[in-house]
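Data block below; observations after.
When a ligand or atom number is given, it counts from 1 through the structure's own listing order.
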Amino acid sequence: MAAVPLLVDVDTGIDDSLALLYLLAGPEAELVAITCTAGNVPARQVATNNLAWLELCSHPPVEVALGAEVPIVQALMTTEETHGPQGIGYAELPAPTRSISERHAAQVWIEEARRRPGELTGLVTGPLTNLALAVTLEPDLPHLLRRVVLMGGAFNHPGNTAPTTEWNIAVDPEAAKIVFDRFAVAVNRPIVCGLDVTERIALTPEHLRRLAEAAGSTPVELLRPDDGDDDRSRASNVVIKQVSDAVRFYLQFHRDSGRGFIAHMHDPFAAAVALDPTIAVLRPATVDVELAGTLTRGQTVADWDGLWGRQPNAEVVVDADPAAFLDAFIERVGALARRVG
Ligand code: RIB
Ligand code: CA
């Protein structure tokens, strides 16, 4: 299969980090550029995290561009309590030697889409601020991109940031509305991966143990909910060690928020869908974003039955196979880790 050329916009983030590793793991993805938005942590930290993961994996240079450092309207909120002070949990990545691009994220999306019309898939695993800026500057972007895949929203399912609101939308609801409105004209409707599916994809310590085995890392460790907060991986493999230390923080966040000692794989799943949409069951809907709701601002509302009299503007992921995805994740990232050593 030919590689899928990707523009990836992220707010790295522990699960964004795992999504990047999933994409780096094989020739199926051509990373055209990584663009960074504020979200889980400030945008500059996001950029540093991506440069650091690329270098840890000895990956050839990929352009990493800085984008929006604040949302379009509301004040920035970040979530270090979820992803750690630097956005990578307890991982401590060597400081990157490569630099952030001179180009702005929106400029990267517009210029690369114009350079390769109809070829590029856009993947967004953070707030939609950069994509909203790009489509505002270049209204033809929905036709210039092959399609976009978004991790965001929740459909007939509780939010994780407010009762009806998911994080990526909550950070910048205005940006999300711009994207859903403007991409309604796209031939390939945006594919939307919401919490209703991504919260069914839970990485466990057993998956991490299998990952270490797949990488040939020793010792093979099993993280436990009652481990000390200061416990860190002693894995021989550098990728496994850093992934283990990053995910340990995320497991503890889910445990402490009553979800169990697991880690929701929101962004890696969206990355897998970007490479192969056939792993997801899609259903067309008209999606809009509540901006004025006192209690529901940032809610993604899906009209499945045309009650608004508007054409569908999205393909919402309504089902997937969590076990199959997690097996593929272990296989791909385990092989990457083994190669890096
Ligand atoms: O709600 C989950 C999403 O918000 C994920 O993309 C996570 O990284 C955060 O950005
Ligand atoms: Ca993210």
So if I count the atoms of ligand 1 from 1 in the order they appear, which ones are less than 4.0 Å from some heavy atom of [X]?
{"X": "D16", "result": "8 (O)"}
{"X": "N168", "result": "3 (C), 4 (O), 5 (C), 6 (O), 9 (C), 10 (O)"}
{"X": "D11", "result": "8 (O), 10 (O)"}
{"X": "M151", "result": "2 (C), 3 (C), 5 (C), 6 (O)"}

Protein heavy atom at shortest distance from [atom]:
{"atom": "atom 6 (O) of ligand 1", "answer": "D267 OD1, 2.6 Å"}
{"atom": "atom 3 (C) of ligand 1", "answer": "E166 OE2, 3.3 Å"}
{"atom": "atom 4 (O) of ligand 1", "answer": "W167 CD1, 3.1 Å"}
{"atom": "atom 8 (O) of ligand 1", "answer": "D15 OD1, 2.5 Å"}

Counting heavy atoms only, which part of [X] comes closer than 4.0 Å to ligand 1: side chain, backbone, both or neither?
{"X": "T161", "result": "neither"}
{"X": "I14", "result": "neither"}
{"X": "N40", "result": "side chain"}
{"X": "T125", "result": "backbone"}

**Q.** With the Ca ion (ligand 2) as the apex, the OD2/OD1 angle for D267 and D16 - to 10°
**A.** 70°
Q. Should the pair Y22 and F329 be assigned to parallel (<30°), tilted (30 to 60°) or perpendicular (>60°) ring geometry?
A. parallel
Q: Decide, yes or no, whether a salt bridge links R147 with E315 under the criterion of side-chain N to carboxylate O below 4.0 Å.
A: no
Q) Is E92 paired with R232 through a side-chain N to carboxylate O contact shorter than 4.0 Å? A) no
Q. By atom name, which N, O or S atom belonging to D11 lies closest to the Ca ion (ligand 2)?
A. OD1
Q) Taking N or O atoms only and a 3.5 Å limit, does H266 qualify as a polar contact for ligand 1? A) no
Q. What about Y250: any of its N or O atoms under 3.5 Å from an N or O on ligand 1?
A. no
Donor-acceptor pair, side chain of [X] and main chain of [Y], under 3.5 angstrom:
{"X": "R339", "Y": "A25", "result": "yes"}
{"X": "R255", "Y": "P225", "result": "yes"}
{"X": "T165", "Y": "R297", "result": "yes"}
{"X": "D9", "Y": "V124", "result": "no"}
{"X": "K241", "Y": "S233", "result": "yes"}
{"X": "E30", "Y": "V32", "result": "no"}

**Q.** the Ca ion (ligand 2) reached by N168 (N, O or S, under 3.0 Å)
**A.** no
Q.
Run L20 and N50 through side-chain contact (heavy atoms from CB on, under 4.5 Å) and show every step you take.
A. CA-CA 8 Å; L20 177 61; N50 282 276; 3.6 Å; yes
Q. Are the ring centres of Y250 and H83 closer than 6.0 Å?
A. yes
